[in-house]
Novice: 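One structure coming up, written as structure tokens, with questions to follow.
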There are 2 protein chains.
Amino acid sequence: MPKLSRSKQDYLKALYALGPEGEAVVTSRLALRLAVSPPSVTHMLGQLAAQRLVTHAPRAGARLTAKGRREAVEMVRRHRILETFLVRVLGFDWSEVHDDAEILEHHISDRVLEAIDRLMGHPAEDPHGHPIPDRRGRVRRRDLEPLSSLRRGARATVREIRDADGPRMARWKQTGLVPGAQVRVREVRALDDVFEIEVGGKRVVTGSEGLEGLMVESAKGGPRGQ
Amino acid sequence: MPKLSRSKQDYLKALYALGPEGEAVVTSRLALRLAVSPPSVTHMLGQLAAQRLVTHAPRAGARLTAKGRREAVEMVRRHRILETFLVRVLGFDWSEVHDDAEILEHHISDRVLEAIDRLMGHPAEDPHGHPIPDRRGRVRRRDLEPLSSLRRGARATVREIRDADGPRMARWKQTGLVPGAQVRVREVRALDDVFEIEVGGKRVVTGSEGLEGLMVESAKGGPRGQ
DNA sequence: CGCCAGGTTTAGTCTAGTCTAAGTATTCAT
DNA sequence: ATGAATACTTAGACTAGACTAAACCTGGCG
């Protein structure tokens with residue numbers, strides 16, 4: 001089994017991000033995500049299919065096989081361990097570690113990865129709140145929803161930051177929107193797209209656009225508690 | 001100025017290793033070192049010359065320009081910082097860190113490299129005893145000689161381990177031949193190539209072959225004056 | 001003084017991954 | 001039902017970096 005090229009690893013990762021359970025993903029969506037032309041995607045899917053990492057029916061999109069998913073989850077594990085390392089050990093801010101992890105995940109050997117993981121005591125979550133798959137590829141799944149989908153009065157806990165845009169994450173961090181933060185929705189105005197929430201006693205007003213990627217866990221007991 | 005490809009970085013590093021002060025290095029020597037065919041070397045030297053990183057006169061070999069040497073020293077710095085990190089922080093043995101550093105040196109960003117360097121307090125030497133160039137590319141030069149060149153009765157201190165062969169380094173380490181170790185030459189028999197030395201009170205007998213790459217600093221006042 | 005052996009360079013090919021241009025299939029609206 | 005818009009695939013070409021085969025110096029020896 002030849003080791004996968006960086007490019008192939010990237011395709012599998014993208015496929016996993018867009019269809020984690022083996023849902024079909026169409027060419028253009030993949031092309032967009034990987035910043036590559038559609039023909040390149042078709043071409044690469046052909047190769048991945050030949051290696052039984054995906055199935056590819058013309059015009060019906062591609063889906064990960066079990067084998068392909070294993071590879072993808074492995075990359076996710078690497079990425080998250082590296083981000084955690086960059087933050088916890090090297091002291092970077094979690095808003096600025098994505099790109100370095102993105103490169104290193106392809107080049108670090110298993111032994112170095114495991115040594116880093118051991119050094120940190122096998123963390124279960126990365127700095128953005130994402131669960132880190134274990135060595136056997138199992139991912140703890142949680143039931144989260146976008147903060148922007150909450151209704152007025154709802155309370156919730158921020159769990160994950162799904163984004164790769166540094167400045168935006170830095171802004172969230174500054175306003176207290178970090179994993180673990182308690183939030184309450186004070187006002188939702190669909191008309192002019194205004195979202196007003198309370199984070200640790202502070203009021204924050206924004207458009208729903210500004211919350212894209214913030215995933216929360218709803219507080220039990222419904223929107224009218226306490 | 002486009003960043004250099006991994007391959008180009010490797011060529012420059014090899015050129016530096018074989019002719020650190022800009023001495024001419026012939027095609028075949030480079031080909032051997034890089035495990036690549038001679039035509040590949042000629043081809044690549046053409047490109048490096050076009051970028052003013054080397055000068056290349058047909059059949060006279062190539063030599064690094066100042067610019068090329070800067071790049072090469074930068075790679076050496078990266079390599080040595082990474083090896084130090086793998087040993088000091090991740091707990092690897094110095095006999096087994098070369099290969100990982102070899103890959104990572106090409107892919108780690110400046111900011112991560114500097115963060116690692118800071119974390120370790122800007123070490124001056126790597127685990128094999130090699131000086132780490134500073135950020136401006138200055139290398140502290142020392143006056144060392146091969147252990148195998150010492151004469152009977154000479155005393156010296158081991159300073160550098162110039163090798164990339166893991167098992168061999170592990171053997172040295174086990175017999176106490178590590179940077180800083182004091183050695184005394186008890187016997188040299190050129191005829192049957194036997195070298196008998198004393199390391200920390202222990203006697204070690206070997207062929208001169210088995211000492212290739214061990215660099216020492218002669219003790220002052222010893223039999224090997226000047 | 002010439003010629004052979006060696007290493008060096010030229011020439012042409014291969015692979016992986018990308019691209020653009022053009023062709024084909026599907027879907028949607030009239 | 002048919003044509004237009006959209007999306008996917010095919011075809012062909014480019015790049016970097018490697019390779020092999022063959023041509024080309026050049027130096028040493030007869």
Side-chain angles (χ1 to χ4, degrees), chain A residues 1-19 22-64 68 71-72 75 102-103 105-107, chain B residues 1-16 18-19 23-64 68 71-72 75 102-103 105-107:
Chain A
M1 188 125 15
K3 221 198 80 228
L4 297 170
S5 68
R6 183 191 162 160
S7 219
K8 284 182 176 144
Q9 291 176 336
D10 280 336
Y11 275 85
L12 294 177
K13 242 183 31 164
L15 235 11
Y16 180 72
L18 300 175
E23 298 93 324
V25 177
V26 297
T27 306
S28 51
R29 221 156 129 52
L30 217 39
L32 204 63
R33 170 140 187 144
L34 292 166
V36 130
S37 71
S40 301
V41 172
T42 300
H43 183 72
M44 184 58 91
L45 288 179
Q47 299 188 220
L48 293 174
Q51 287 177 73
R52 314 273 140 188
L53 294 160
V54 308
T55 57
H56 181 217
R59 266 157 247 273
R63 44 186 89 221
L64 286 174
E71 292 288 344
M75 294 315 294
E102 191 70 22
I103 295 173
E105 66 187 8
H106 300 291
H107 301 291
Chain B
M1 191 115 13
K3 219 197 84 231
L4 296 170
S5 70
R6 185 195 158 155
S7 218
K8 285 182 177 145
Q9 290 176 336
D10 281 336
Y11 274 85
L12 294 177
K13 243 184 28 164
L15 234 12
Y16 180 72
L18 300 175
E23 299 92 324
V25 178
V26 298
T27 306
S28 49
R29 219 155 132 51
L30 216 39
L32 204 63
R33 168 139 189 145
L34 292 166
V36 131
S37 71
S40 301
V41 172
T42 301
H43 184 70
M44 183 58 92
L45 288 178
Q47 299 186 222
L48 293 174
Q51 288 177 70
R52 314 273 141 187
L53 293 160
V54 307
T55 57
H56 181 219
R59 264 157 247 273
R63 43 186 89 223
L64 286 173
E71 293 287 344
M75 294 315 294
E102 190 69 24
I103 295 173
E105 66 187 10
H106 300 291
H107 300 291

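So that the names make sense, note that chain A is the first sequence line, chain B the second, and so on, each numbered from 1. These values consider heavy atoms only, across backbone and side chains, with no hydrogens, waters or symmetry-generated copies.
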Novice: Counting side-chain heavy atoms from C-beta on, which of dT9(D), dT9(C), dC19(C) comes nearest to Thr27(A)?
Specialist: dT9(D)
Novice: Of the nucleotides dC25(D), dA18(D), dT9(D), which one has an atom closest to the side chain of Arg59(B)?
Specialist: dC25(D)
Novice: Is Glu105(B) salt-bridged to Lys13(B), going by a charged N under 4.0 Å from an acidic O?
Specialist: yes
Novice: Look at the side chain of Ser7(B) and decide which nucleotide, out of dC8(D), dG17(D), dT20(D), has an atom nearest to it.
Specialist: dG17(D)
Novice: What's Val41(B) touching, base or sugar-phosphate or nothing? Going by heavy atoms closer than 4.0 Å.
Specialist: nothing
Novice: I want to check one thing: is the phosphate of dG17(C), taken as OP1 and OP2, less than 4.0 Å away from some side-chain N or O of Gln47(A)?
Specialist: yes
Novice: Which nucleotide, dT9(D), dT18(C), dA21(D), lies nearest any side-chain atom of His56(A)?
Specialist: dT9(D)
Novice: Counting side-chain heavy atoms from CB outward, which of dG17(C), dA7(D), dC19(C) is closest to Ser37(A)?
Specialist: dC19(C)
Novice: Base, sugar-phosphate alone, or nothing: which one does Pro58(B) contact when heavy atoms must sit under 4.0 Å apart?
Specialist: sugar-phosphate
Novice: Rounded to the Å, how far apart are Met44(B) CE and dA18(D) C1'?
Specialist: 9 Å
Novice: Tell me which nucleotide among dT8(C), dA21(D), dG17(D) gets nearest to the side chain of His43(B).
Specialist: dG17(D)
Novice: Specify the closest pair of heavy atoms between Ala60(B) and Ala24(B), including all atoms of both residues, with the distance to one decimal.
Specialist: O-CB, 3.6 Å
Novice: For Arg6(B), does the CZ atom sit with more than 12 other heavy atoms under 6.0 Å from it, leaving out its own atoms?
Specialist: yes
